[in-house]
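Following: one structure in structure tokens, then a few remarks.
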Protein chains: 2
Amino acid sequence: MKNNGFDRNAAPLYVQARTLILERIEAGTYGPGKVLPSEFALADELGISQGTVRKALDTLVADRFLVRRQGRGTFVADHTPADVLFRFFKFYTRDGERVLPSSRDTRVRHRIANASECARLQLECGSRIISITRTRLHGRTPVIREKIALPAETFPGLGANGTVPNTLYDLFQHQYGITVTHASERIEPAAASARDAAHLGLAAGSPLLRIDRLTFGLGKQPIEWRVSLCHLKGVYYLSELR
Amino acid sequence: MKNNGFDRNAAPLYVQARTLILERIEAGTYGPGKVLPSEFALADELGISQGTVRKALDTLVADRFLVRRQGRGTFVADHTPADVLFRFFKFYTRDGERVLPSSRDTRVRHRIANASECARLQLECGSRIISITRTRLHGRTPVIREKIALPAETFPGLGANGTVPNTLYDLFQHQYGITVTHASERIEPAAASARDAAHLGLAAGSPLLRIDRLTFGLGKQPIEWRVSLCHLKGVYYLSELR
DNA sequence: GAGTGGTCTAGACCACCCT
DNA sequence: GGGTGGTCTAGACCACTCT
């Protein structure tokens with residue numbers, strides 16, 4: 001057994017194989033939607049057995065970096081707009097139907113991050129950010145007013161023409177090679193300010209959901225900070241606990 | 001290879017093994033905290049190989065029915081009060097500390113379920129339920145007013161003396177052999193009614209989080225319906241998206 | 001030292017997909 | 001028909017735990 005560059009005294013081989021494959025996904029060697037070499041080809045290349053490669057792939061499938069299709073191969077997960085909405089947009093109607101939002105009143109600005117933006121995004125003081133505000137609609141009803149901050153350095157050129165797509169996360173993957181892996185949302189009740197109430201067509205002081213989200217990719221640093229004020233007439237936020 | 005009672009033309013062997021082990025957990029053959037037979041012993045008993053038993057156990061560990069301890073054995077997950085709070089109570093302080101709530105003003109009643117209770121709990125019209133209302137505190141501050149409905153048939157004798165423990169789910173497991181597997185929460189903003197405001201020490205109309213939870217065990221029928229009205233001063237609800 | 005789970009290998013057969 | 005992943009086996013060695 002050749003065992004190219006793998007250290008048998010370090011982490012288990014399948015963990016080392018997982019790390020290596022993940023690095024290749026991150027580097028774009030295996031791009032979104034592309035097929036990986038077969039299990040036997042990878043095993044040969046890495047100098048380990050096919051069963052060990054399979055175990056590494058299993059963990060990556062469980063973490064949704066990869067998708068297997070029997071008879072065809074193993075593919076890098078390709079985050080379509082629908083996938084992204086399915087995973088990171090948790091709003092449903094009373095009938096259990098998914099809410100597919102559209103956007104309105106979008107405004108994009110490039111500016112220096114303020115103190116709270118630097119703190120939440122773990123940026124150096126004085127870093128530049130891209131700030132997006134928009135109203136999101138369910139059908140014709142405005143339901144969410146959201147404010148998004150992105151590190152400008154991570155997303156060069158984003159929103160340069162003053163517009164931004166309705167779903168950002170698939171753009172992150174295909175344009176910038178950044179896969180969104182998870183997000184952490186803090187939810188609180190809040191009363192609508194006069195300004196937010198106007199955007200949402202409500203009376204000031206109406207009860208809202210305030211959702212403060214940090215979004216993460218493969219690295220430790222957050223790639224997005226998003227605060228959503230949600231009206232949710234006839235719609236609810238669904239949280240599954242397991 | 002004996003292969004006791006397993007059908008090689010049906011589901012994969014590891015799925016059949018998983019189902020059988022799960023049935024034994026449900027039936028109490030393997031009780032909470034108890035050690036299972038070793039992988040080789042199970043393999044012998046079921047007439048399959050140890051690797052296949054391991055794959056079945058792996059899926060059950062992933063679903064948190066089992067816990068492995070190297071050198072000691074495989075154990076049925078034992079839901080202590082702390083575990084239950086960790087999994088199903090999603091409130092944190094601004095510093096990221098877990099909130100461990102206490103209970104006050106608890107009231108337990110046995111009565112006929114109303115229409116919405118029957119619908120949510122999938123009960124026959126006219127079924128009996130156990131209704132619990134209580135206020136939950138973070139330190140000395142009331143933060144949540146909750147109303148719980150349980151099918152009386154599923155939990156005979158529960159709350160007969162008018163009291164109920166602070167954490168219900170470990171009671172479900174140890175007293176009634178029912179393991180809570182997941183819960184589904186619908187979250188909406190709401191304005192405090194005069195009555196709820198009084199329990200929480202607020203002004204009427206204050207913005208609240210309304211959390212409507214259905215809790216499930218191994219069966220399809222829900223085992224609990226819980227509506228929580230949350231004030232959350234200095235506390236937030238944490239939702240992790242993956 | 002005996003017994004447990006954790007890792008790794010090598011090889012078999014199957015089901016599925018493409019050309 | 002040839003290649004892919006899906007399942008299953010049998011056996012090896014290691015790390016950990018208990019007594």
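Just the heavy atoms: all of them, side chains too, but no hydrogens, waters or symmetry mates, feed the values below. Naming: A, B, ... by sequence-line order, numbering from 1 per chain. Keep in mind that this is a model prediction, so the values were computed, not measured.
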Nearest whole Å is fine: how far is [N] [atom2] from [X] [atom1]?
X	N	atom1	atom2	answer
Leu13(B)	dG6(D)	CG	P	17 Å
Asp58(A)	dG5(D)	CG	P	12 Å
Leu46(B)	dT7(D)	CG	P	18 Å
Ile48(B)	dT9(D)	CD1	P	6 Å
Arg68(B)	dT17(D)	CZ	C1'	16 Å
Leu36(B)	dG3(C)	CG	C1'	16 Å
Leu42(A)	dC8(C)	CG	C1'	17 Å
Arg69(B)	dA15(D)	CZ	P	22 Å

Is [X] close enough to [N] that one of its side-chain N or O atoms is under 4.0 Å from OP1 or OP2 there?
X	N	value
Thr52(A)	dT7(C)	no
Tyr14(A)	dT7(C)	yes
Thr74(B)	dG5(C)	yes
Lys55(A)	dC8(C)	no

Is the closest side-chain donor-acceptor distance between [X] and [Y] under 3.5 Å?
X	Y	result
Gln122(A)	Gln221(A)	no
Tyr237(B)	Glu185(A)	no
Ser103(B)	Thr106(B)	no

Practice problem: Any chance you could list the contact pattern along nucleotides 12-17 of chain C? Use B for base contacts, S for sugar-phosphate-only contacts and - for none, protein heavy atoms under 4.0 Å, 5' to 3'. | Solution: ---BBS
Exercise. May I have the step-by-step check of salt bridge (Lys or Arg N to Asp or Glu O under 4.0 Å) for Arg68(B) and Asp58(B), ending in yes or no?
Key: CA-CA 9 Å; Arg68(B) 284 192 210 275; Asp58(B) 280 344; 2.6 Å; yes
Quiz prompt | Ser38(A) side chain, from C-beta outward: closest of dT7(C), dT7(D), dG5(D) | solution = dG5(D)
Exercise. Ignoring the backbone of Glu39(B), work out which of dT9(C), dG5(C), dA10(D) is nearest its side chain.
Key: dG5(C)
Practice problem: Tell me which of Pro37(B) and Val53(A) sits closer to the 5' end of DNA chain C, going by the nucleotide each one is nearest to. | Solution: Pro37(B)
Quiz item: Between CG of Leu171(B) and CG of Leu158(B), what distance do you get to the nearest 0.5 Å?
Solution: 5.5 Å
Exercise. Report the C-alpha separation of Phe91(B) and Tyr236(B) in whole Å, then their side-chain angles, then the decisive distance to 0.1 Å, and conclude whether the ring-ring contact (aromatic ring centres under 6.0 Å, His included) test is met.
Key: CA-CA 6 Å; Phe91(B) 297 98; Tyr236(B) 57 81; 9.1 Å; no
Quiz prompt | Base dG6(C) paired with Arg54(B) side chain (donor-acceptor, <3.5 Å) | solution = yes
Quiz prompt | Pair Phe172(A) + Phe155(A): ring centers closer than 6.0 Å | solution = yes
